[in-house]
Amino acid sequence: MIRNVSTTPYNDQKPGTSGLRKKVPVFQQPNYAENFIQSVFDSLEGFAGKTLVVGGDGRFYNREVIQKVIAMAVANGFGRVVVGQGGILSTPAASNLIRKRKAFGGLILSASHNPGGPHEDFGIKYNAENGGPAPEKMTDAIYARSKIISAYKIADVGAVDLDRLGTSDVGGMKVEVVDPVADYAALMETLFDFDALRTLFKSGFRMRFDAMHAVTGPYAKEILERRLGAAGGTARNFVPLEDFGGHHPDPNLVHAKELYDEMMGPNAPDFGAASDGDGDRNLIIGRGIFITPSDSLAMLAANAHLAPGYKAGLKGIARSMPTSGAADRVAEKLGIGIYETPTGWKFFGNLLDAGMATICGEESAGTGSDHVREKDGLWAVLLWLNILAERGESAKEIVTKHWATYGQNYYSRHDYEEVETDKANALVDALRAKLASLPGTSVQGMKIASADDFAYNDPVDGSVSKNQGIRVLFEGGSRVVFRLSGTGTSGATLRVYIERYEADPSRHGHDTQAALADLILAADDIAGIRSHTGRDKPTVIT
Ligand code: VG1
Ligand code: CO
């Protein structure tokens, strides 16, 4: 039986950088999830009889919302729902399934790197038929709908068994429970030289992969250990837990500190990596060397032709604006296009669809290619492995040579988390107000060349996205960038991105914070971080 349930709108269902993210108790309010799901369906046209992919990172509340999605998909007229077994699908695996099954779209349930559990975070994101996150005009439409929604449709179909593989009939619609790993692993086999990787592991190459008790555990076990023959125990924390073991599944130097310490230790493995809650991020650490995500993007782009899937070369590279310019130098050398987009993977979709970019990346540990329309943690790890196997050098050698060829972009991000929203907004407003007066002035002995609020003109569809981060450029190419996070769920998070280019090899590989010290001071002088927020240091430095 299909019911039309009346509801009243919530006023806070505006999708952020990557979907709607809220605390679990917010999502558990009466009709909260239903309102948002119906607002998504109401903003779409022509899905009758078509396929919807659904799955999530396994966090608390995942299964409940999947049941709601299935019951509402029946009532709204979808023909089929494809769902990962146990409700599990990594974000890149969901993107792949949408594309492979020619689905109408998909709902991905995740709050990514944010913690999970009854009092932590949950999220819902809609991805379109290209497998990529809904573009801004779609998320704007969803938000607009959510503010006036008065009813949603749901079918009384009872709970579907998400653990048994196979197809069943649910209220006249097909529900197909699929192995979450199989199609993804098959895709990876088409891109990388699995024989060469097997030989690498056979020769004694040691690796550590920290799945952080999040979604990539089953993927890493299957691909690294079963298919590639990496030693048992290569994948660590590989059982997905509803609360990620109480940790933040955020692969950075703070939350993956154990991995970092091991990689810097005396008996370090050859290669270390980690992924986040929903499997789209990657942390890369060679023996004795951390590789910043911005550098990793540049190095992957420079060497991608060594992997079978990219041997024809790259069409172009795209990076988010705050990401360092290291990839720009690679693009220049390769003679291909480089595109600078706002933060968030949704801005890469058009460039990938149009064949303008092959590899994309963000400073926040996101890298991916045109094989799907999401960033992809394990993909980045496998591409690194393929490059290491082909070059026969250590990660550290590859990094050192890369810097010698292109120069080093010293880079760091300072996050001030859970700042009171009013104070964060006041900081940004004050900064905007003085942007025009900054050029020509000096801070910490460095002259400001230009300052603006980044706006993006999409070269494919002509759409314009304004206010995407304030950037202050110094003479000589150094810069600081300020923006507020669009994924947090409590208060505001101020992100400060700091970058300096260094051409001289004798100055490469030094301590990053020391190399950026004057710019860090300048950032505070310019934005008044201490005076506005009352903080004297960042919460997280990556
Ligand atoms: C952050 C990152 C951004 C990334 C986004 C989603 O957004 O900075 O680069 O695309 O998270 O990643 P923000 O607005 O908080 O800075 V994920 O792995 O959370 O889906
Ligand atoms: Co993520």
Side-chain angles (χ1 to χ4, degrees), residues 14-22 56-59 89-95 108-116 120-127 132-134 136 139 211-212 214-216 219 244 248-252 255 274-283 292-294 297 318-324 340-349 360-368 372-380 411 413-419 424 428 454 465 467-470 481-497 539-540 542:
K14 186 175 169 52
T17 311
S18 183
L20 181 69
R21 291 188 188 169
K22 299 285 174 197
D57 61 13
R59 68 180 60 225
L89 278 179
S90 78
T91 290
S95 181
I108 302 179
L109 314 183
S110 170
S112 190
H113 56 290
N114 296 2
E120 297 296 351
D121 291 8
F122 190 76
I124 306 182
K125 177 169 80 157
Y126 179 72
N127 280 33
E136 267 194 334
T139 54
M212 304 188 89
V215 80
T216 47
Y219 295 83
F244 310 115
H248 288 231
D250 191 348
N252 62 28
H255 298 295
S275 191
D276 70 333
D278 60 331
D280 56 359
R281 296 190 181 198
N282 68 91
L283 173 75
T292 68
S294 294
L297 169 66
R319 63 163 174 86
S320 68
M321 181 275 282
T323 303
S324 97
E340 190 176 35
T341 61
T343 295
W345 211 262
K346 60 184 169 215
F347 294 102
F348 293 132
C360 308
E362 295 192 278
E363 53 65 42
S364 54
T367 339
V372 289
R373 293 295 180 272
E374 287 278 5
K375 53 192 192 274
D376 188 343
L378 262 173
W379 169 90
Y411 187 87
R413 187 177 96 189
H414 289 196
D415 290 337
Y416 296 79
E417 294 176 333
E418 295 189 39
V419 173
V428 171
F454 180 61
S465 304
N467 303 331
Q468 298 295 327
I470 292 170
V481 173
F482 306 86
R483 61 178 282 282
L484 297 182
S485 157
T487 58
T489 56
S490 42
T493 293
L494 171 69
R495 302 201 196 283
V496 184
Y497 310 82
T539 338
V540 177
T542 53

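Indexing begins at 1, ligand by ligand and atom by atom, following the structure's order.
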With nothing but distance in play, are any N or O atoms of Tyr497 less than 3.5 Å from an N or O of ligand 1?
no
Quick look: Glu374 vs ligand 1, heavy-atom contacts under 4.0 Å, and the answer is neither
For atom 20 (O) of ligand 1, the closest protein heavy atom turns out to be Arg21 NH2, 3.0 Å
of all protein heavy atoms, closest to atom 17 (V) of ligand 1 is Ser112 OG, 2.8 Å
Per-atom filter on ligand 1: closer than 4.0 angstrom to a heavy atom of Arg495 are 8 (O), 13 (P), 15 (O), 16 (O)
The reported gap from CG in Asp278 to OG in Ser112 (rounded to nearest 0.5 angstrom) is 4.0 Å
Contact region, Ser364 to ligand 1, non-hydrogen atoms below 4.0 Å, reads side chain
Atom 10 (O) of ligand 1: closest protein heavy atom, distance to 0.1 Å, is Glu362 OE1, 2.7 Å
query: Would you say Met212 and Pro251 make side-chain contact, with heavy atoms under 4.5 Å?
result: yes
Rounded to the nearest 0.5 angstrom, the CG-SG distance for Leu297 and Cys360 is 8.5 Å
Ligand 1 atoms nearer than 4.0 angstrom to some heavy atom of Thr17 are 5 (C), 7 (O), 13 (P), 14 (O)
At under 4.0 Å between heavy atoms, what of Thr487 touches ligand 1? The answer is both
protein heavy-atom neighbour closest to atom 12 (O) of ligand 1 works out as Lys375 NZ, 2.8 Å
A student checking ligand 1 against Gly486 at a 4.0 Å heavy-atom cut-off should list atoms 13 (P), 14 (O), 15 (O)
Nearest non-hydrogen contact to atom 1 (C) of ligand 1 from the set Arg483, Lys346, Arg281 belongs to Arg281
Before accepting this row, confirm whether a basic side-chain N of the pair Arg319/Glu362 lies closer than 4.0 Å to the acidic partner's carboxylate O. no
Task: Within-4.5 Å side-chain heavy-atom neighbours: Arg281 and Ser364 - done: yes
Looking at Asp280, the N, O or S atom sitting nearest the Co ion (ligand 2) is OD1
* Asked: Under 2.8 Å from the Co ion (ligand 2), is there an N/O/S atom belonging to Ser112?
  -> yes
Counting C-beta onward and ignoring hydrogens, is there a side-chain heavy-atom pair between Asp280 and Pro92 closer than 4.5 Å? yes
Contact region, Thr493 to ligand 1, non-hydrogen atoms below 4.0 Å, reads neither
Per-atom filter on ligand 1: closer than 4.0 angstrom to a heavy atom of Gly344 are 10 (O)
* Would you call Asp121 and Arg21 a salt bridge, taking side-chain N to carboxylate O under 4.0 Å as the test? -> no
Taking the Co ion (ligand 2) as the apex, Asp276 OD2 and Asp278 OD1 span an angle, rounded to 10°, of 90°
- Message: Salt bridge or not between Glu374 and Lys346? Use side-chain N to carboxylate O under 4.0 Å.
- Response: no
N/O/S atom of Asp57 under 2.8 Å from the Co ion (ligand 2), yes or no? no
* Side-chain heavy atoms of Tyr416 within contact of Val496, under 4.5 Å -> yes
Ligand 1 atoms nearer than 4.0 angstrom to some heavy atom of Asp276 are 18 (O)
If we number the atoms of ligand 1 from 1 as shown, the ones under 4.0 Å from a heavy atom of Thr343 are 3 (C), 8 (O), 9 (O)
Report yes if some heavy atom in the side chain of Val428 is under 4.5 Å from a heavy atom in the side chain of Ile470; otherwise report no.
yes
Any donor-acceptor pair under 3.5 Å linking the side-chain atoms of Ser465 with those of Glu136? yes
>> Less than 4.5 Å apart, side chain to side chain, heavy atoms only: is that true for Phe482 and Tyr497?
In response: no
